[in-house]
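Structure, as structure tokens:
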Amino acid sequence: MSLSGKVALVTGAAQGLGKAFSEALLKRGAKVCLADVQSPLGEATTTEFQQEYGKDRALFVKCDVSSVSELQTTFTKLLSEYGQLDIMINNAGIMDEHNPARMVDINLTGVIMGTNMAVDVMSKEKGGQGGIIINVASTAGITPRAFFTPAYTGTKFGVAGFTRSWSYNPYVKKMGLRFACLCPAFTATDILNPMGTLYPVDAEKITQMIGINEIPAVVAGFIQLVEDEQCNGAVMTITAQEGIQFYKKPLALSKM
Ligand SMILES: NC(=O)c1ccc[n+]([C@@H]2O[C@H](COP(=O)([O-])OP(=O)(O)OC[C@H]3O[C@@H](n4cnc5c(N)ncnc54)[C@H](O)[C@@H]3O)[C@@H](O)[C@H]2O)c1
Ligand SMILES: CCCCC/C=C\C=C\[C@H](O)C/C=C\C/C=C\CCCC(=O)O
């Protein structure tokens, strides 16, 4: 898939992985709407990108993904500026075991609402041009070994299950859509800073054992998913020890 002239919406784009995904798309010729709850930082990131890639190529919208109305406003602003949406990246997420309800609202409900709104805009059956929706989960979303963060792990299992379920929808071909789930293990971003766990854990020991991805390694996997026209249903894990791997797909359902 050539990215030149495509339009992307990336949530949680002010910093970290979302910022890096946005820049990778910009470098390949896409226009990017950066959505984030952090307003000054999101604006600064967008200004930086406008200076590097052109004023009309990046747009910032302040958006809390846990708010249906803020998400709707984001889609409205994006469409009025760029007229189309081809690539939806539901990336915004937090780690806060002490506030599980808020974490579910952002990490899971935000992804569900962002995906469903994107389907409405992008589906060929509804006047869109098709495209790809990538939801960012975590290796914690496919193995419960992240025992120290049970609620976070629950939200990421939800994201992976939700995304895979969409990918098996028998209408995806007609809609011209692809769904993929990106599951990095520990990656060097600010989310690791507070180590917000419920129980005392030797975080250093755990991260040493598992290793920490550098951001470019995750961006490489991300771009592979965006560009690969055959990737519908992919669940890609990225670990410092084993790099990119694909989580096995269950047997296909008999023809529906
Ligand atoms: N870094 C890791 O170790 C790692 C590993 C696996 C998965 N992930 C996932 O990657 C995604 C990106 O995280 P990151 O590592 O870049 O962390 P980060 O903390 O650097 O970035 C998260 C971004 O999301 C934004 N955000 C938070 N709440 C939001 C909300 N309600 N609405 C909109 N934006 C919001 C933040 O402002 C921030 O810009 C998350 O979903 C995270 O769970 C991270
Ligand atoms: C001990 C520190 C916990 C707090 C870390 C904060 C945020 C982390 C977010 C990531 O999504 C976590 C990524 C991976 C989970 C770690 C291990 C899962 C097991 C990996 C494996 O089984 O290979």
Side-chain angles (χ1 to χ4, degrees), residues 9-22 34-46 60-68 70-71 74 89-99 102-111 113-114 134-160 163 181-215 217-219 221-222 236-243 245 247:
L9 171 54
V10 182
T11 69
Q15 64 176 48
L17 287 171
K19 179 179 179 182
F21 297 154
S22 300
L34 295 93
D36 204 291
V37 71
Q38 288 192 71
S39 187
L41 185 60
E43 273 154 15
T45 299
T46 306
F60 176 68
V61 181
K62 183 178 184 302
C63 171
D64 179 341
V65 296
S66 69
S67 157
V68 171
E70 288 189 26
L71 265 176
T74 304
I89 313 300
N90 289 296
N91 164 76
I94 62 166
M95 157 66 77
D96 187 355
E97 289 292 319
H98 299 280
N99 197 348
R102 177 82 182 134
M103 194 157 59
V104 170
D105 284 349
I106 295 171
N107 291 12
L108 181 55
T109 311
V111 170
M113 297 313 301
I134 297 181
N135 293 334
V136 180
S138 164
T139 50
I142 54 174
T143 163
R145 277 198 288 171
F147 54 86
F148 36 78
T149 57
Y152 178 84
T153 297
T155 65
K156 296 302 187 177
F157 260 77
V159 171
T163 311
C181 186
L182 181 64
C183 299
F186 292 123
T187 305
T189 71
D190 285 0
I191 204 171
L192 297 184
N193 294 346
M195 293 290 180
T197 59
L198 277 184
Y199 306 104
V201 288
D202 188 343
E204 206 173 315
K205 224 183 200 167
I206 293 167
T207 48
Q208 263 175 15
M209 202 170 74
I210 293 169
I212 300 184
N213 290 315
E214 292 302 327
I215 291 178
V218 180
V219 171
F222 165 77
M236 175 188 276
T237 61
I238 306 176
T239 62
Q241 287 165 337
E242 294 172 303
Q245 291 184 314
Y247 187 62

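Both ligands and their constituent atoms are indexed starting at 1 by order of listing. Only a predicted model underlies this, so the values are computations on that prediction, with no experimental measurement involved.
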So which heavy atom in the protein is nearest [atom], and how far is it from that ligand atom?
atom	result
atom 20 (O) of ligand 1	Q15 NE2, 2.9 Å
atom 24 (O) of ligand 1	G12 CA, 3.4 Å
atom 29 (C) of ligand 1	V37 CG1, 3.6 Å
atom 32 (N) of ligand 1	V65 N, 3.0 Å
atom 15 (O) of ligand 1	T189 OG1, 2.5 Å
atom 2 (C) of ligand 1	T187 N, 3.4 Å
atom 39 (O) of ligand 1	D36 OD2, 2.6 Å
atom 8 (N) of ligand 1	Y152 OH, 3.7 Å

Distance-only N or O hit between ligand 1 and [X], under 3.5 Å:
X	result
A35	no
S66	no
L17	yes
S138	no

Residue part near ligand 2, for I210, under 4.0 Å between non-hydrogen atoms: side chain
Number the atoms of ligand 1 from 1 as they appear, then name those within less than 4.0 Å of a heavy atom of [X], with their elements.
X	answer
Q38	36 (C), 37 (O), 38 (C), 39 (O)
V136	9 (C), 10 (O), 11 (C)
A92	24 (O), 33 (C), 34 (N), 35 (C), 41 (O)
C63	32 (N), 33 (C)
F186	3 (O)
I94	27 (C), 28 (N)
L192	3 (O)
D64	30 (C), 31 (N), 32 (N)

Can you sort out which atoms of ligand 2 are near [X], meaning under 4.0 Å from one of its heavy atoms?
X	result
L192	5 (C), 6 (C), 7 (C), 8 (C)
S138	10 (C), 11 (O), 12 (C), 13 (C), 14 (C)
T143	22 (O)

[X] to ligand 1, any heavy atom closer than 4.0 Å:
X	value
A137	yes
N91	yes
A185	yes
K19	no

Please classify the I106 to ligand 1 contact at 4.0 Å (heavy-atom distances, strictly less than): side chain, backbone, both or neither. side chain
Quick one: look at L41 and ligand 1, take heavy-atom pairs under 4.0 Å, and tell me if it's side chain, backbone, both or neither.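 The answer is neither.
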Could you check if a side-chain atom of [X] sits within less than 4.5 angstrom of a side-chain atom of [Y], using non-hydrogen atoms only?
X	Y	answer
Q15	T189	no
M103	E97	yes
T45	F60	no
R102	D96	no
V104	T109	yes
C181	Y247	no

With a 3.5 Å distance limit and no angle check, can you tell me whether Q241 reaches the backbone of M209 through a side-chain donor-acceptor pair? yes
Could you check whether any side-chain N or O of N107 sits under 3.5 Å from a backbone N or O of I94, counting only pairs where one atom can act as donor and the other as acceptor?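 Looks like yes, one N/O pair under 3.5 Å.
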Rounded to the nearest 0.5 Å, how far does [atom2] of [Y] lie from [atom1] of [X]?
X	Y	atom1	atom2	value
M95	N193	CE	CG	12.0 Å
C63	L9	SG	CG	8.0 Å
D64	T74	CG	OG1	9.5 Å
Y152	I191	OH	CD1	4.5 Å
N135	N90	CG	CG	4.5 Å
T239	I212	OG1	CD1	13.0 Å

Considering all heavy atoms of both residues, which atom of A137 and which atom of C183 are nearest to each other, and what is their separation?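 Distance-wise, the nearest heavy atoms are CB-SG, 3.9 Å.
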How close do K156 and A140 get, counting heavy atoms only, and between which atoms? CB-C, 4.3 Å
N or O pair under 3.5 Å between T139 and ligand 2: no
Answer yes or no: does an N/O atom from T149 fall short of 3.5 Å to an N/O atom of ligand 2?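 So ligand 2 has no N or O lying under 3.5 Å from an N or O of T149.
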One pair to check against side-chain contact (heavy atoms from CB on, under 4.5 Å): N91 and F222. What are the steps and the verdict? CA-CA 11 Å; N91 164 76; F222 165 77; over 6 Å; no
Min heavy-atom dist T239 to ligand 2 below 4.0 Å: no
Nearest non-hydrogen atom to atom 13 (O) of ligand 1 belongs to which of D105, I191, V10? I191
Only one of V218, T139, V219, T187 clears side chain to side chain contact (heavy atoms under 4.5 Å, CB included) with I238; which? V218
Quick one: which of V136, I89, D36, L17 gives a side chain to side chain contact (heavy atoms under 4.5 Å, CB included) with V10? I89
